Amino acid sequence: TRSRHVALPILASSLSVAPKEQRETYAEYAKRNGIALPKSSTQGSQYVTCYDRYGSQGSSVRITDFIADLYQVGWDNRISSCCFNGIWNLYDLRNYNANSPNSAAKAAWGENYCEDFNGGVPFDKITSSIRFVGAPDGYKYDTINLYQYEHYMGIEQYSYGDASSLNYDNLGRSLIVTGCNPWTLYENSNYQGRCVCVSPADSSNCYPGFYDNMGNIANQVSSVRRGCFCSRKVAPVNSKAAFRD
């Protein structure tokens, strides 16, 4: 999905959902680890504004954090269109389809990119949970995000930097790379064993790379490193690059 700039209309009524347990920001992580922020660190926080009518019309809800059950905020099965700032995943069922990996899911991203859910793969009024991808304070920071099931469903684990072991060993059938740099995935802990490099879709513009099905590397990742240190590379589904060894 490409970034677009669309003027927002006057809202009929609106609701703002405040974060409950927002994860550490990339700025906090960088400060804690003595890492300089990228020069392009003026990016804003991730948020999405969704509406109960097409064309960004009607009542709205502004979301800035994970919501595992939209019923709790009165927005279950109500969304017909959204304007995205950052990278967001929407799910047919609550808890990010964790109990039903064959259910529908949708990924979208951009800077004020607005979309109606009435064409292509319809997603109109079925969203029951939603979450952003990567760092809450900017979608162009370097992160790697692994998901339990294909199409970014179920349990998620992420990293802002090198991780010699993961909280969930060998978890991940899909992944999303954010930021400007590639990552190396390793079969074993401490960066050992078979490896593969994954990358953003565009390293110059720092556009995210989507891997909706990790194929023969699924459920085999035990450690990750920022940067590419392996001859084997896999391109994201939203890139024109081909798989190469």
Side-chain angles (χ1 to χ4, degrees), residues 1 3-25 43-139 145 147-158 174 176 178 208 210 212:
T1 306
S3 301
R4 301 178 185 176
H5 297 271
V6 180
L8 299 181
I10 297 175
L11 308 182
S13 61
S14 62
L15 170 70
S16 180
V17 178
K20 295 180 179 179
E21 296 182 9
Q22 194 171 45
R23 68 179 57 180
E24 181 181 37
T25 66
Q43 54 186 306
S45 297
Q46 299 200 65
Y47 65 92
V48 59
T49 305
C50 294
Y51 305 83
D52 62 1
R53 294 173 57 191
Y54 300 142
S56 306
Q57 299 287 338
S59 298
S60 70
V61 58
R62 178 184 168 107
I63 299 168
T64 61
D65 202 1
F66 289 28
I67 300 182
D69 187 358
L70 282 165
Y71 178 82
Q72 300 296 323
V73 296
W75 272 84
D76 186 35
N77 297 329
R78 286 185 61 186
I79 295 172
S80 290
S81 61
C82 289
C83 288
F84 300 94
N85 284 273
I87 311 163
W88 290 83
N89 290 324
L90 294 78
Y91 304 89
D92 181 16
L93 302 179
R94 64 181 181 177
N95 296 320
Y96 321 115
N97 291 354
N99 298 318
S100 182
N102 292 320
S103 296
K106 177 179 179 60
W109 71 277
E111 295 178 19
N112 204 16
Y113 165 64
C114 300
E115 182 177 351
D116 289 343
F117 301 154
N118 62 343
V121 180
F123 216 78
D124 187 23
K125 297 191 185 301
I126 70 168
T127 303
S128 293
S129 55
I130 187 170
R131 59 186 172 189
F132 63 81
V133 179
D137 50 335
Y139 79 95
N145 308 267
Y147 299 90
Q148 182 180 12
Y149 301 120
E150 295 177 5
H151 305 291
Y152 328 116
M153 293 187 270
I155 295 171
E156 180 211 50
Q157 63 177 339
Y158 73 99
S174 58
I176 299 174
T178 75
F210 293 87
D212 57 1

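Side-chain atoms are counted along with the backbone in the values below, which use heavy atoms only and exclude waters and symmetry mates. Computed from a prediction, not measured in an experiment: that's the story for all the values here.
- In this structure, the separation between OG on Ser174 and OH on Tyr152 is 6.0 Å, given to the nearest 0.5 Å.
- Closest approach of Ser56 to Ser81, counting heavy atoms only: N-OG, 3.2 Å.
- A distance of 11.0 Å separates CG of Asn89 from CZ of Phe132, quoted to the nearest 0.5 Å.
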Derivation and outcome, disulfide (SG to SG under 2.5 Å), residues Cys50 and Cys83:
CA-CA 6 Å; Cys50 294; Cys83 288; over 6 Å; no
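- Counted by atom type alone, Tyr91 and Arg131 present one or more donor-acceptor pairs between their side chains at under 3.5 Å.
- Considering only heavy atoms from C-beta on, Pro101 stays 4.5 Å or farther from Glu150 through its side chain.
- When all heavy atoms are compared, the tightest approach of Met153 to Ser100 is SD-O, 4.4 Å.
- Considering OH of Tyr147 and CD1 of Ile176, their distance stands at 4.0 Å, rounded to 0.5 Å.
- Nearest approach of Leu90 to Phe84, heavy atoms of both residues: CD1-CE2, 3.8 Å.
- Put simply, CG on Asp76 and OH on Tyr71 are 8.5 Å apart, with the number rounded to the nearest 0.5 Å.
- Side chains of Tyr139 and Glu111: a donor on one and an acceptor on the other come within 3.5 Å.
- Within the 4.5 Å cutoff, the side chain of Leu70 has heavy atoms near those of the Ile63 side chain.
- Side chain of Ser129 to main chain of Tyr96: a donor-acceptor pair is present (N/O by atom type, distance under 3.5 Å, no hydrogens or angles).
- One distance of note links OG1 of Thr127 with CG of Asn77; it measures 8.0 Å at 0.5 Å rounding.
- Checking Glu156 against Tyr158 by side-chain atom types alone, no donor-acceptor pair falls below 3.5 Å.
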Evaluate side chain to side chain contact (heavy atoms under 4.5 Å, CB included) for Phe117 paired with Ser80, printing each intermediate quantity in order.
CA-CA 6 Å; Phe117 301 154; Ser80 290; 5.8 Å; no
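- Taking both residues in full, the closest heavy atoms of Glu115 and Tyr113 are given as OE1-OH, 3.1 Å, listed atom of the first, atom of the second, then distance.
- Closest approach of Gln46 and Gly134 over heavy atoms only: NE2-C, 4.2 Å.
- A donor-acceptor contact shorter than 3.5 Å links the side chain of Asn97 to the backbone of Ala104.
- Going from atom CG of Asn85 over to atom OG1 of Thr49 covers 7.0 Å, rounded to the nearest 0.5 Å.
- The nearest pair of heavy atoms linking Asp52 to Ser59 is OD1-N, 3.0 Å.
- By the 4.5 Å heavy-atom criterion applied to side chains, Asp212 and His151 are counted as neighbours.
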For Thr178 and Asn145: C-alpha separation, side-chain torsions, deciding distance, then whether side chain to side chain contact (heavy atoms under 4.5 Å, CB included) applies.
CA-CA 8 Å; Thr178 75; Asn145 308 267; 3.9 Å; yes
